[in-house]
Amino acid sequence: MEAIAFYVLAVLAVASAIVVIVHRNPVMSALALAVNLVTIAGFYLVLRAQFVALLQVIVYAGAILVLIVFVIMLLNLREELKARSPGTFQKWLGPILALVFAVVLGRAMLAHAAPSFPAPVPGFGTAAALGIDLFSRFYYPFEVVSLLLVVAMVGAVLLAKRRL
Amino acid sequence: MEPRLVLAVSAVLFTLGVLGVLLRRGAITILMSVELMLNAANLAFIAFSRQAGTAEGQIYVFFVMTLAAAEAAVGLAIVIALFRLKGTTDVDEVSLLKW
(Lines give C-alpha, C1' and ligand atoms only; values in the text may rest on other atoms or scores of the structure.)
Protein backbone atom coordinates (compact mmCIF):
# COMPACT_ATOMS: atom_id res chain seq x y z
CA MET A 1 0.00 0.00 0.00
CA GLU A 2 2.73 2.43 1.00
CA ALA A 3 4.79 1.37 -1.99
CA ILE A 4 1.91 2.02 -4.43
CA ALA A 5 1.29 5.45 -2.88
CA PHE A 6 5.01 6.19 -3.13
CA TYR A 7 5.27 5.35 -6.82
CA VAL A 8 2.14 7.33 -7.72
CA LEU A 9 3.47 10.32 -5.77
CA ALA A 10 6.91 10.02 -7.36
CA VAL A 11 5.47 10.08 -10.91
CA LEU A 12 3.18 13.03 -10.04
CA ALA A 13 6.01 14.97 -8.36
CA VAL A 14 8.48 14.59 -11.22
CA ALA A 15 5.84 15.31 -13.88
CA SER A 16 4.62 18.46 -12.13
CA ALA A 17 8.21 19.64 -11.57
CA ILE A 18 8.88 19.28 -15.31
CA VAL A 19 5.74 21.32 -16.07
CA VAL A 20 6.95 24.03 -13.65
CA ILE A 21 10.23 24.52 -15.48
CA VAL A 22 8.96 23.96 -19.02
CA HIS A 23 5.62 25.76 -19.31
CA ARG A 24 5.81 29.24 -20.82
CA ASN A 25 2.84 30.67 -18.92
CA PRO A 26 3.87 31.52 -15.32
CA VAL A 27 0.32 30.93 -14.04
CA MET A 28 0.46 27.33 -15.29
CA SER A 29 3.89 26.96 -13.70
CA ALA A 30 2.47 28.15 -10.39
CA LEU A 31 -0.42 25.67 -10.60
CA ALA A 32 2.00 22.84 -11.38
CA LEU A 33 4.06 23.99 -8.40
CA ALA A 34 0.90 23.65 -6.27
CA VAL A 35 0.53 20.03 -7.42
CA ASN A 36 4.22 19.43 -6.67
CA LEU A 37 3.96 20.88 -3.15
CA VAL A 38 0.94 18.72 -2.34
CA THR A 39 2.68 15.56 -3.60
CA ILE A 40 5.66 16.44 -1.38
CA ALA A 41 3.20 16.62 1.53
CA GLY A 42 2.05 13.15 0.45
CA PHE A 43 5.66 11.91 0.65
CA TYR A 44 5.87 13.29 4.19
CA LEU A 45 2.73 11.33 5.12
CA VAL A 46 4.16 8.13 3.65
CA LEU A 47 7.33 8.78 5.67
CA ARG A 48 5.25 9.17 8.88
CA ALA A 49 5.91 12.89 9.37
CA GLN A 50 2.25 13.91 9.81
CA PHE A 51 2.80 17.28 11.43
CA VAL A 52 5.30 18.45 8.81
CA ALA A 53 2.93 17.26 6.05
CA LEU A 54 0.23 19.48 7.53
CA LEU A 55 2.63 22.43 7.73
CA GLN A 56 3.65 21.82 4.13
CA VAL A 57 0.06 22.15 2.90
CA ILE A 58 -0.70 25.20 5.06
CA VAL A 59 2.55 27.15 4.67
CA TYR A 60 3.72 26.15 1.20
CA ALA A 61 0.63 25.28 -0.78
CA GLY A 62 -1.31 27.91 1.15
CA ALA A 63 0.72 31.00 1.92
CA ILE A 64 3.78 30.92 -0.36
CA LEU A 65 1.91 29.79 -3.45
CA VAL A 66 -0.83 32.40 -2.99
CA LEU A 67 1.92 35.03 -2.72
CA ILE A 68 3.49 33.86 -6.00
CA VAL A 69 0.16 33.74 -7.86
CA PHE A 70 -0.74 37.15 -6.42
CA VAL A 71 2.47 38.71 -7.78
CA ILE A 72 1.99 37.07 -11.20
CA MET A 73 -1.54 38.51 -11.40
CA LEU A 74 -0.37 41.89 -10.06
CA LEU A 75 2.35 42.28 -12.68
CA ASN A 76 0.05 41.03 -15.47
CA LEU A 77 2.90 38.94 -16.84
CA ARG A 78 2.08 38.54 -20.46
CA GLU A 79 5.69 39.55 -20.98
CA GLU A 80 6.97 36.19 -19.92
CA LEU A 81 4.84 34.48 -22.57
CA LYS A 82 6.77 36.11 -25.35
CA ALA A 83 10.08 36.01 -23.50
CA ARG A 84 12.91 34.86 -25.69
CA SER A 85 13.75 31.18 -25.48
CA PRO A 86 17.19 30.39 -24.06
CA GLY A 87 20.17 30.97 -26.36
CA THR A 88 21.96 28.01 -27.91
CA PHE A 89 24.87 28.30 -25.45
CA GLN A 90 22.47 28.24 -22.49
CA LYS A 91 20.31 25.52 -24.05
CA TRP A 92 23.18 23.06 -24.40
CA LEU A 93 25.38 23.90 -21.45
CA GLY A 94 22.49 24.06 -18.93
CA PRO A 95 21.33 20.42 -19.26
CA ILE A 96 24.92 19.13 -19.36
CA LEU A 97 25.80 20.95 -16.14
CA ALA A 98 22.53 19.78 -14.56
CA LEU A 99 23.33 16.17 -15.53
CA VAL A 100 26.83 16.36 -14.04
CA PHE A 101 25.32 17.89 -10.90
CA ALA A 102 22.67 15.11 -10.72
CA VAL A 103 25.34 12.38 -10.89
CA VAL A 104 27.44 13.97 -8.14
CA LEU A 105 24.40 14.66 -5.95
CA GLY A 106 22.93 11.19 -6.48
CA ARG A 107 26.21 9.46 -5.58
CA ALA A 108 26.66 11.57 -2.46
CA MET A 109 23.12 11.02 -1.22
CA LEU A 110 22.76 7.34 -2.03
CA ALA A 111 26.04 6.59 -0.23
CA HIS A 112 24.30 7.11 3.11
CA ALA A 113 21.01 5.34 2.42
CA ALA A 114 20.17 2.39 4.64
CA PRO A 115 18.78 -0.72 2.88
CA SER A 116 15.36 -0.28 4.52
CA PHE A 117 13.49 1.96 6.95
CA PRO A 118 13.34 0.76 10.57
CA ALA A 119 9.98 0.21 12.30
CA PRO A 120 8.57 3.61 13.29
CA VAL A 121 9.08 4.76 16.87
CA PRO A 122 5.73 5.34 18.68
CA GLY A 123 4.80 9.02 18.59
CA PHE A 124 7.22 9.71 15.73
CA GLY A 125 6.35 12.84 13.76
CA THR A 126 3.45 14.01 15.93
CA ALA A 127 3.02 17.65 16.91
CA ALA A 128 3.78 16.72 20.53
CA ALA A 129 7.13 15.08 19.72
CA LEU A 130 8.18 17.99 17.51
CA GLY A 131 6.97 20.68 19.90
CA ILE A 132 8.91 19.28 22.85
CA ASP A 133 12.16 19.26 20.85
CA LEU A 134 11.47 22.65 19.30
CA PHE A 135 10.95 24.39 22.63
CA SER A 136 13.79 22.71 24.50
CA ARG A 137 16.85 21.86 22.44
CA PHE A 138 16.00 24.12 19.49
CA TYR A 139 14.70 27.04 21.48
CA TYR A 140 17.34 29.61 20.43
CA PRO A 141 17.22 28.74 16.70
CA PHE A 142 13.44 29.07 16.96
CA GLU A 143 13.75 32.60 18.35
CA VAL A 144 16.33 33.56 15.73
CA VAL A 145 13.97 32.33 13.00
CA SER A 146 11.19 34.55 14.37
CA LEU A 147 13.61 37.50 14.16
CA LEU A 148 14.38 36.50 10.57
CA LEU A 149 10.67 36.62 9.72
CA VAL A 150 10.38 40.16 11.12
CA VAL A 151 13.42 41.27 9.10
CA ALA A 152 12.02 39.65 5.93
CA MET A 153 8.65 41.34 6.48
CA VAL A 154 10.22 44.79 6.91
CA GLY A 155 12.48 44.15 3.91
CA ALA A 156 9.61 43.08 1.67
CA VAL A 157 7.55 46.17 2.55
CA LEU A 158 10.54 48.48 2.01
CA LEU A 159 11.49 46.92 -1.33
CA ALA A 160 8.00 46.86 -2.80
CA LYS A 161 6.97 50.32 -1.59
CA ARG A 162 6.76 52.90 -4.35
CA ARG A 163 8.04 55.87 -2.32
CA LEU A 164 9.64 55.78 1.11
CA MET B 1 9.74 1.53 -0.59
CA GLU B 2 13.29 2.01 0.57
CA PRO B 3 15.40 5.05 1.54
CA ARG B 4 17.30 4.78 -1.73
CA LEU B 5 14.16 5.48 -3.80
CA VAL B 6 13.07 8.47 -1.71
CA LEU B 7 16.54 10.01 -1.95
CA ALA B 8 16.59 9.36 -5.70
CA VAL B 9 13.27 11.23 -6.10
CA SER B 10 14.70 14.05 -3.99
CA ALA B 11 17.83 14.25 -6.16
CA VAL B 12 15.74 14.27 -9.36
CA LEU B 13 13.51 17.07 -8.07
CA PHE B 14 16.54 19.11 -6.99
CA THR B 15 18.14 18.66 -10.41
CA LEU B 16 14.92 19.79 -12.11
CA GLY B 17 15.04 22.92 -9.94
CA VAL B 18 18.66 23.56 -10.97
CA LEU B 19 17.68 23.06 -14.61
CA GLY B 20 14.85 25.59 -14.21
CA VAL B 21 17.24 28.20 -12.79
CA LEU B 22 19.75 27.55 -15.59
CA LEU B 23 17.29 27.57 -18.50
CA ARG B 24 14.55 30.05 -17.67
CA ARG B 25 14.77 33.82 -17.88
CA GLY B 26 11.63 34.96 -16.09
CA ALA B 27 12.45 36.02 -12.53
CA ILE B 28 9.26 34.46 -11.11
CA THR B 29 9.87 31.11 -12.80
CA ILE B 30 13.39 31.15 -11.37
CA LEU B 31 11.96 31.79 -7.89
CA MET B 32 9.57 28.85 -8.36
CA SER B 33 12.53 26.64 -9.36
CA VAL B 34 14.27 27.69 -6.14
CA GLU B 35 11.16 26.57 -4.24
CA LEU B 36 11.42 23.20 -6.04
CA MET B 37 15.00 22.84 -4.82
CA LEU B 38 14.11 23.75 -1.23
CA ASN B 39 11.35 21.15 -1.29
CA ALA B 40 13.68 18.48 -2.64
CA ALA B 41 16.11 19.21 0.21
CA ASN B 42 13.24 19.00 2.69
CA LEU B 43 12.26 15.61 1.30
CA ALA B 44 15.80 14.34 1.89
CA PHE B 45 15.70 15.70 5.46
CA ILE B 46 12.44 13.85 6.15
CA ALA B 47 13.77 10.64 4.61
CA PHE B 48 16.88 10.74 6.82
CA SER B 49 14.74 11.63 9.85
CA ARG B 50 12.62 8.53 9.19
CA GLN B 51 15.75 6.43 8.72
CA ALA B 52 17.32 7.65 12.00
CA GLY B 53 14.01 7.58 13.91
CA THR B 54 14.68 11.00 15.47
CA ALA B 55 12.91 14.34 15.13
CA GLU B 56 15.89 16.56 14.22
CA GLY B 57 15.35 16.25 10.49
CA GLN B 58 11.73 17.35 10.84
CA ILE B 59 12.78 20.37 12.90
CA TYR B 60 15.26 21.39 10.21
CA VAL B 61 12.43 21.11 7.69
CA PHE B 62 10.42 23.43 9.92
CA PHE B 63 13.25 25.99 9.80
CA VAL B 64 13.72 25.60 6.04
CA MET B 65 10.00 26.27 5.51
CA THR B 66 10.26 29.51 7.51
CA LEU B 67 13.31 30.46 5.49
CA ALA B 68 11.45 29.69 2.25
CA ALA B 69 8.59 31.95 3.31
CA ALA B 70 11.04 34.79 4.04
CA GLU B 71 12.83 34.16 0.76
CA ALA B 72 9.60 34.19 -1.25
CA ALA B 73 8.44 37.46 0.37
CA VAL B 74 11.73 39.31 -0.20
CA GLY B 75 12.30 37.75 -3.64
CA LEU B 76 8.85 38.70 -4.91
CA ALA B 77 9.26 42.22 -3.50
CA ILE B 78 12.47 42.51 -5.51
CA VAL B 79 10.62 41.25 -8.60
CA ILE B 80 7.96 43.95 -8.11
CA ALA B 81 10.63 46.66 -7.71
CA LEU B 82 12.36 45.31 -10.81
CA PHE B 83 9.15 45.39 -12.82
CA ARG B 84 8.59 49.03 -11.82
CA LEU B 85 12.11 49.90 -12.90
CA LYS B 86 12.34 47.95 -16.14
CA GLY B 87 8.80 47.00 -17.14
CA THR B 88 9.84 43.36 -17.48
CA THR B 89 10.92 40.45 -15.29
CA ASP B 90 13.41 39.07 -17.80
CA VAL B 91 16.63 38.64 -15.81
CA ASP B 92 18.75 39.22 -18.93
CA GLU B 93 17.42 42.77 -19.12
CA VAL B 94 18.72 43.51 -15.65
CA SER B 95 22.31 44.42 -16.37
CA LEU B 96 22.67 47.74 -14.58
CA LEU B 97 25.74 46.55 -12.71
CA LYS B 98 27.38 45.14 -15.82
CA TRP B 99 29.99 47.41 -17.39
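Convention: sequence-line order gives letters A, B, ...; per-chain numbering from 1. As a basis for the values below, the full set of heavy atoms in this structure was taken, side chains included, without hydrogen atoms, waters or symmetry mates.
Using a 4.5 Å cut-off between heavy atoms, A:L93 does not touch chain B at all. Only the side chain of A:L33 comes within contact range of chain B, with at least one heavy atom under 4.5 Å from a heavy atom of that chain. Both the backbone and the side chain of A:I68 come within contact range of chain B, each with at least one heavy atom under 4.5 Å from a heavy atom of that chain. Interface remark: A:A5 contributes no atoms to any contact with chain B (heavy atom separation under 4.5 Å). Proximity to chain B (any heavy atom under 4.5 Å) is shown, for A:A102, by both the backbone and the side chain. With a 4.5 angstrom heavy-atom cutoff, A:F101 touches chain B only via side-chain atoms. Heavy-atom distances place both the backbone and the side chain of A:F138 under 4.5 Å from chain B. Using a 4.5 Å cut-off between heavy atoms, A:V151 does not touch chain B at all. Residue B:V21 does not touch chain A at all, counting heavy-atom pairs closer than 4.5 Å. Proximity to chain B (any heavy atom under 4.5 Å) is restricted, for A:Y7, to the side chain, taken from C-beta onward. There is no contact between B:L31 and chain A, counting heavy-atom distances below 4.5 Å. Contacts of A:D133 with chain B are made by both backbone and side-chain atoms, with heavy-atom separations under 4.5 Å. If you measure heavy-atom distances from B:R4 to chain A, the contacts under 4.5 Å come from both the backbone and the side chain. Both the backbone and the side chain of A:L130 come within contact range of chain B, each with at least one heavy atom under 4.5 Å from a heavy atom of that chain. Contacts of B:L43 with chain A are made by both backbone and side-chain atoms, with heavy-atom separations under 4.5 Å. At a 4.5 Å heavy-atom cutoff, the contact between B:V12 and chain A is made by side-chain atoms alone. Contacts between A:P115 and chain B at a heavy-atom distance below 4.5 Å involve the backbone alone (N, CA, C, O).
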Could you walk me through whether B:Q58 and A:Y44 pass the side chain to side chain contact (heavy atoms under 4.5 Å, CB included) test, one step at a time?
CA-CA 10 Å; B:Q58 299 181 25; A:Y44 293 170; over 6 Å; no
Steps toward side chain to side chain contact (heavy atoms under 4.5 Å, CB included) verdict (A:E143, A:L147):
CA-CA 6 Å; A:E143 293 297 332; A:L147 187 68; over 6 Å; no
Side chain to side chain contact (heavy atoms under 4.5 Å, CB included) between B:F45 and A:V52, worked out
CA-CA 11 Å; B:F45 268 131; A:V52 181; over 6 Å; no
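Contact tally against chain B (heavy-atom pairs below 4.5 Å) for A:A63, A:G94, A:P118: the top residue is A:P118. With chain A as partner, the option from B:E56, B:E2, B:R84 having the largest number of non-hydrogen pairs under 4.5 angstrom is B:R84. Heavy-atom pairs under 4.5 Å with chain B were tallied for A:A17, A:S146, A:A3, A:A129; the largest tally goes to A:A17. Of the residues considered (A:Y60, A:F43, A:F117, A:F51), A:F117 shows the highest number of contacts with chain B, using heavy-atom pairs under 4.5 Å. Put simply, of A:R137, A:E2, A:M153, the one with the most heavy-atom pairs under 4.5 Å next to chain B is A:R137. When each of A:G106, A:A108, A:A98 is checked for heavy-atom pairs under 4.5 Å with chain B, A:A98 comes out on top. Of the listed residues (B:A55, B:A52, B:A73, B:A44), the greatest number of heavy-atom pairs within a distance under 4.5 Å of chain A belongs to B:A73. Note: B:L5 leads B:L67, B:L5, B:L38, B:V79 in heavy-atom pairs under 4.5 Å with chain A. Among the candidates B:V18, B:V74, B:L76, the residue making the largest number of heavy-atom pairs closer than 4.5 Å to chain A is B:L76. Taking B:T15, B:I46, B:I80 one by one and counting their heavy-atom pairs under 4.5 Å with chain A, the maximum is reached by B:I46. When the candidates A:G125, A:A32, A:G155, A:A119 are compared by the number of heavy-atom contacts under 4.5 Å with chain B, A:G125 comes out ahead. Per-residue counts of heavy-atom pairs under 4.5 Å with chain A were compared for B:L7, B:V61, B:V9; the largest is that of B:L7.
Interatomic distance, CE of B:M37 versus CG of B:L13, reported as 11.5 Å (0.5 Å rounding). Separating the CG atom in B:L36 from the CD1 atom in A:I40 is a distance of 8.0 Å, to the nearest 0.5 Å. Rounding to the nearest 0.5 angstrom, the gap separating the OG atom in B:S10 from the CG atom in A:L105 is 7.0 Å. Rounding to the nearest 0.5 Å places CZ of B:R24 at 10.5 Å from CG of B:L19.
In terms of hydrophobic clustering, with Ile, Leu, Val, Met, Phe, Trp and Tyr side chains grouped at heavy-atom distances under 4.5 Å, A:V38 and A:F6 are assigned to different clusters.
At a cut-off of 3.5 Å, with distance as the only test, a side-chain donor of A:Q56 or B:N39 sits close to an acceptor on the other residue.
Here the side chains of B:N42 and B:M65 are in contact, with some heavy-atom distance below 4.5 Å. Looking at heavy atoms from C-beta onward, A:I21 lies out of side-chain contact with B:L23 at the 4.5 angstrom threshold. Counting heavy atoms from C-beta on, the side chains of B:V6 and B:F48 never come closer than 4.5 Å. In this structure, A:F124 and B:S49 have side chains that are in contact, with non-hydrogen atoms separated by less than 4.5 Å. For the pair A:I64/A:L37, no side-chain contact is recorded, criterion being any heavy-atom separation below 4.5 Å from C-beta on.
Formation of a donor-acceptor pair under 3.5 Å by the A:N36 side chain with backbone atoms of A:A13 is found in this model.
With sequence neighbours excluded, no residue satisfies ring-ring contact (aromatic ring centres under 6.0 Å, His included) with A:F70.
Among residues at least two apart or in separate chains, there is no side-chain hydrogen bond (donor to acceptor under 3.5 Å, both in side chains) pair with a member in residues 65-79 of chain B.
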